[in-house]
Amino acid sequence: MKCEININLDFTIIFWIIMNELNTKYWSERYQKNQTGWDLGEVSQPLRTYFDQLKNKHLRILIPGCGRGYEGIYLWRKGFKNVYFADFSVEAIKAIKEEIPEINDFQLLVKDFFDLDDKFDLIVEQTLFCAIHPRLREKYVQKTAELLVPTGKNIGLLFNRKFEGGPPFGGNKEEYIKLFSPNFNIVTMEDCYNSVEQRKGTELFFIAEKS
C-alpha cells in the first residue's frame with residue numbers, strides 16, 4: 001500500500017502540527033515554564049455572565065483545552081457536578097484536582113479532544129479553538145457536534161482578530177459563521193461587551209446549537 005502525501009499541505013504546517021499542536025509534552029512544558037500568556041487567572045467575564053443564568057445543575061458540561069480549568073471550577077462551585085475537564089497537560093489537570101479534590105478522576109481527562117467519545121449537553125469554548133491550526137477547524141466543529149446531544153450547545157469565545165504566526169490563531173465572524181453553519185444553528189455570535197480589558201474589541205461571544 002502506498003503512503004500518499006498531500007503536496008498542497010505546507011510542510012512547515014505539517015512540522016508544526018506534529019511537534020507542537022497535538023503533543024502532550026509540548027503543552028505540559030508550557031505550564032512548567034509558565035509560558036501561559038493566554039491564562040487570565042480566573043474565569044472570563046463573558047463566560048461567567050453566561051454561567052450565572054444557567055438553571056439546570058444536571059447538565060453534562062465539557063471544558064476542552066481547559067488549562068487550569070477556571071471555567072469548570074467556577075461551575076463546580078456553583079453546584080454543577082457533571083463538569084468534565086479535558087487537556088493535554090498533566091500539570092493543568094493536576095492543578096484542577098488540587099482546587100477541587102473531591103471531583104471524580106474520570107471527570108479529569110488528559111486526552112486529545114479529537115479522541116473523546118462521550119456525550120454532553122454543553123461544550124464550553126475558551127482557548128482550544130484558537131490553539132489548534134486553522135486546517136483543523138472543520139474537524140473541530142464536526143467533533144464538537146459529534147460530542148453533543150441532539151439539543152446540545154457549543155458556547156464560548158472566539159478571537160475577532162488576526163495574529164502573526166500562532167498559536168493563537170485568529171479569524172473573524174464571517175469565517176466562523178461559514179464554518180459552524182453546516183453543523184449548528186448560530187443563536188448568537190456578537191462582539192463581547194464585557195471582555196477583560198486586554199481583550200476588549202477582539203472577542204466574539206457565540207452560542208451555537210447542534211442542528
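In this text the structure is predicted, and so the values were computed from the model without any measurement. Residues take their numbers from the sequence shown, with the count starting at 1. Just so you know, these numbers use all the heavy atoms, side chains as well, and skip hydrogens, waters and symmetry mates.
Applying the side-chain hydrogen bond (donor to acceptor under 3.5 Å, both in side chains) test to every pair with at least one member in residues 114-123, sequence neighbours left out, gives these pairs: Arg60-Asp118.
Of all heavy-atom pairs spanning Gly72 and Val83, the tightest one is CA-CG1, 3.8 Å. For the residue pair Gly171 and Lys162, the shortest heavy atom distance occurs at CA-NZ, 4.1 Å. When all heavy atoms are compared, the tightest approach of Ala145 to Lys210 is O-NZ, 2.9 Å.
Residues that satisfy the side chain to side chain donor-acceptor pair (under 3.5 Å) test with Tyr74, not counting sequence neighbours, are Asp52. Partners of Glu102 according to the side chain to side chain donor-acceptor pair (under 3.5 Å) rule, which considers only residues two or more places apart in sequence or in another chain, are Trp76. Shown here are the ring-ring contact (aromatic ring centres under 6.0 Å, His included) partners of Phe129, two or more places apart in sequence or in another chain: Tyr140, Tyr176.
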Side chain to side chain contact (heavy atoms under 4.5 Å, CB included) for Tyr50 and Val124? Distances and angles first, verdict last. CA-CA 11 Å; Tyr50 179 82; Val124 178; over 6 Å; no
Show your reasoning for whether side chain to side chain contact (heavy atoms under 4.5 Å, CB included) applies to Glu99 and Ile96. CA-CA 5 Å; Glu99 287 292 322; Ile96 296 166; 5.6 Å; no
Residue pair Arg137, Glu125: steps toward the salt bridge (Lys or Arg N to Asp or Glu O under 4.0 Å) verdict: CA-CA 13 Å; Arg137 285 180 172 176; Glu125 171 54 48; over 6 Å; no
So Leu47 and Phe205, side chain to side chain contact (heavy atoms under 4.5 Å, CB included) or not? Walk me through it. CA-CA 9 Å; Leu47 292 180; Phe205 178 78; 4.2 Å; yes
Show your working on salt bridge (Lys or Arg N to Asp or Glu O under 4.0 Å) between Asp87 and Arg68 and close with a plain yes or no. CA-CA 9 Å; Asp87 200 279; Arg68 293 190 174 94; over 6 Å; no
Please report the C-alpha distance between Glu146 and Lys143 in whole Å, then the side-chain angles of each, then the deciding distance to 0.1 Å, and finally whether the salt bridge (Lys or Arg N to Asp or Glu O under 4.0 Å) criterion is met. CA-CA 5 Å; Glu146 176 187 320; Lys143 184 63 180 180; 3.0 Å; yes
Please test Leu204 against Phe206 for side chain to side chain contact (heavy atoms under 4.5 Å, CB included), starting from the C-alpha separation and ending with a verdict. CA-CA 6 Å; Leu204 297 169; Phe206 78 100; 5.8 Å; no
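Atom-to-atom distance recorded for Phe114:CZ and Leu147:CG is 10.0 Å, nearest 0.5 angstrom. A distance of 11.0 Å separates CG of Asn172 from NZ of Lys178, quoted to the nearest 0.5 Å. Here Leu59 contributes atom CG and Leu75 contributes atom CG; the two are 9.5 Å apart, rounded to the nearest 0.5 Å. The line from CZ of Phe80 to CD1 of Ile73 is 15.5 Å long, rounded to the nearest 0.5 Å.
A donor-acceptor contact shorter than 3.5 Å links the side chain of Lys97 to the backbone of Ile103. With Asn104 contributing its side chain and Phe106 its backbone, the two residues share no donor-acceptor pair below 3.5 Å. In terms of modelled atom types and a separation under 3.5 Å, the side chain of Gln107 and the main chain of Lys81 share a donor-acceptor contact.
Taking the ring centre of Phe51 as origin, the terminal cationic atom of Lys78 falls outside the region bounded by 6.0 Å and 45° from the ring axis.
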Let me have the donor-acceptor pairs involving side chains of residues 148-161, under 3.5 Å, with sequence neighbours excluded, atom names and distances please.
| residue | atom | partner | partner atom | Å |
| --- | --- | --- | --- | --- |
| Asn154 | ND2 | Ile123 | O | 3.0 |

Tell me which donor-acceptor pairs under 3.5 Å the side chains of residues 180-189 have, and how far apart each pair is, sequence neighbours excluded?
| residue | atom | partner | partner atom | Å |
| --- | --- | --- | --- | --- |
| Ser181 | OG | Ile177 | O | 2.5 |

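Put simply, Ile63 and Leu54 are part of the same group of oily side chains (I, L, V, M, F, W, Y) that touch within less than 4.5 Å, one to the next.
Aromatic ring pairs are classed by plane angle as parallel below 30°, tilted from 30° to 60° and perpendicular above 60°; the pair Phe120 and Tyr84 is perpendicular.
Judged purely by distance below 3.5 Å, without hydrogens or angles, the side chains of Gln45 and Thr49 pair a donor atom with an acceptor atom.
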